[in-house]
Visitor: 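I am attaching a structure below and will ask some questions about it afterwards.
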Amino acid sequence: AIASGVARITISDWEQYHQELERRVGIDQKIMTRVIGRARQNPQRVVFAEADTYKILKAAQILQEENIAIPILLGNRERIGQIIRENHLELVDCEIIDVYEEEERTERYGNLLYEKRKRKGITCSEGKKMMQDRNYFGAMMVELGEADALISGLTKDYAKTIKPALQVIGVDRIVNRVAGMYIITNKKQSYFFADTTVNANPTADELVDIIGLTAEKVRFFDAEPRIAMLSYSNFGSNKGELPEKMISALQKAKAKYPDLIIDGEVQANIALSPRLLKENYPFSELAENGANTLIFPDLASGNIAYKLLQEIGGAEAIGPILMGMRKPVHVLQLGSSIREIINMVAIAVVEAQIHKSSPGEPARR
Ligand code: ACO
């Protein structure tokens with residue numbers, strides 16, 4: 001295009017996404033390009049509970065154009081139309097659902113929610129009213145197979161957004177725990193952090209569940225987990241409730257998953273440095289290559305660590321990847337970028353493919 005007599009090269013939204021990914025992730029961009037390649041083989045229906053926002057609509061356009069997902073837009077019909085017009089978006093034949101126009105569906109979904117949760121204090125009329133909340137409505141669509149995955153959380157608090165999905169879709173009963181993982185990538189390598197989003201102060205047994213979910217999700221990204229149980233101490237150097245919890249979880253995890261490479265408790269810098277491990281703790285299972293998967297003792301440390309790396313460290317953070325749900329649901333970080341939304345949708349699509357190929361199986365691998 002020519003602007004003010006100066007030649008300006010215009011690049012497509014998709015090229016922009018890729019350039020940014022390459023700039024931020026470097027060599028490890030393949031971790032996402034592989035997922036996107038898999039998603040494209042069989043795009044799935046993804047319902048967006050916050051479709052009356054520019055970022056979601058722009059991401060939906062790119063995902064549709066690139067044949068990664070089939071977006072279903074939940075939101076105020078007029079507002080969605082207005083954002084599409086004002087921003088010259090091109091969303092072709094995209095289903096738009098305005099819950100306030102869906103009397104029959106809110107009634108039916110409300111009854112189902114009541115049936116599910118009548119012994120958890122929900123009345124029939126409350127169930128119907130709750131279905132006017134798009135997080136409940138979208139979760140029920142996924143539950144009933146009217147959509148394959150749910151994406152929400154861009155504009156709302158994480159806890160408020162995840163609760164409807166927990167109540168409607170629920171957890172995979174094999175593990176019976178949900179947790180959140182982030183992939184933190186610098187130019188050289190990817191690291192997997194958990195739990196960064198759900199369990200405030202997990203017990204040793206809950207940490208074992210988190211380890212199991214995380215190991216499985218790391219393999220989803222074609223990596224082999226090498227897990228460090230993080231602490232402020234190294235291999236028994238300090239006594240205290242927190243290091244002892246990590247040691248107890250380690251022992252239980254070793255018994256439950258004997259093939260897993262896992263060690264600790266260990267400080268974060270030591271866990272990531274084969275040199276420091278070999279020098280000081282050569283007996284450790286992690287000494288050869290260092291850890292690529294970090295299990296945090298509590299939500300505060302995991303959540304704060306990834307956000308600091310994202311903001312100050314300049315790392316690319318892919319997530320939050322919700323693990324352990326019965327069907328694919330991802331709750332975005334408040335204010336996520338379009339690139340981050342695309343990443344999460346591509347992951348959800350692949351999870352939905354796996355879930356569909358083995359019905360009854362959770363979307364774990
Ligand atoms: N694992 C398994 N099941 C769970 C979990 C879990 N971690 N949490 C809740 N559930 C189950 C409940 O047991 C309940 O089961 P039921 O169907 O038998 O009743 C069901 O899910 C519904 O749960 P609720 O009772 O509605 O929710 P709860 O009060 O347990 O709260 C929540 C769950 C919202 C996840 C809470 O643990 C929480 O607030 N966590 C912290 C979230 C947060 O603030 N994260 C940090 C910010 S995130 C970010 O920065 C991107």
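Remember, it's 1-based here, ligands and their atoms both numbered in the order they're listed.
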Visitor: With a 3.5 Å distance limit and no angle check, can you tell me whether E50 reaches the backbone of L154 through a side-chain donor-acceptor pair?
Guide: yes
Visitor: Hey, could you give me each pair passing ring pair (Phe, Tyr, Trp, His ring centres under 6.0 Å) that has a residue in residues 169-190? Not counting sequence neighbours.
Guide: Y182-Y306
Visitor: For ligand 1, what is the set of protein residues having any non-hydrogen atom at a distance below 4.0 Å?
Guide: R117, K120, Y158, A159, I162, K163, L166, Q167, V171, N176, R177, V178, T197, V198, N199, L299, N303, Y306, K307
Visitor: Measure up the W14 and Y17 rings against each other and bin them: parallel (under 30°), tilted (30 to 60°), perpendicular (over 60°).
Guide: parallel
Visitor: In the structure I gave you, are the side-chain heavy atoms of Y257 and V208 within less than 4.5 Å of one another anywhere?
Guide: yes
Visitor: Any donor-acceptor pair under 3.5 Å linking the side chain of E265 with the backbone of G236?
Guide: yes
Visitor: Testing L57, I338, V345, I341 for side chain to side chain contact (heavy atoms under 4.5 Å, CB included) with I62, which one passes?
Guide: I338
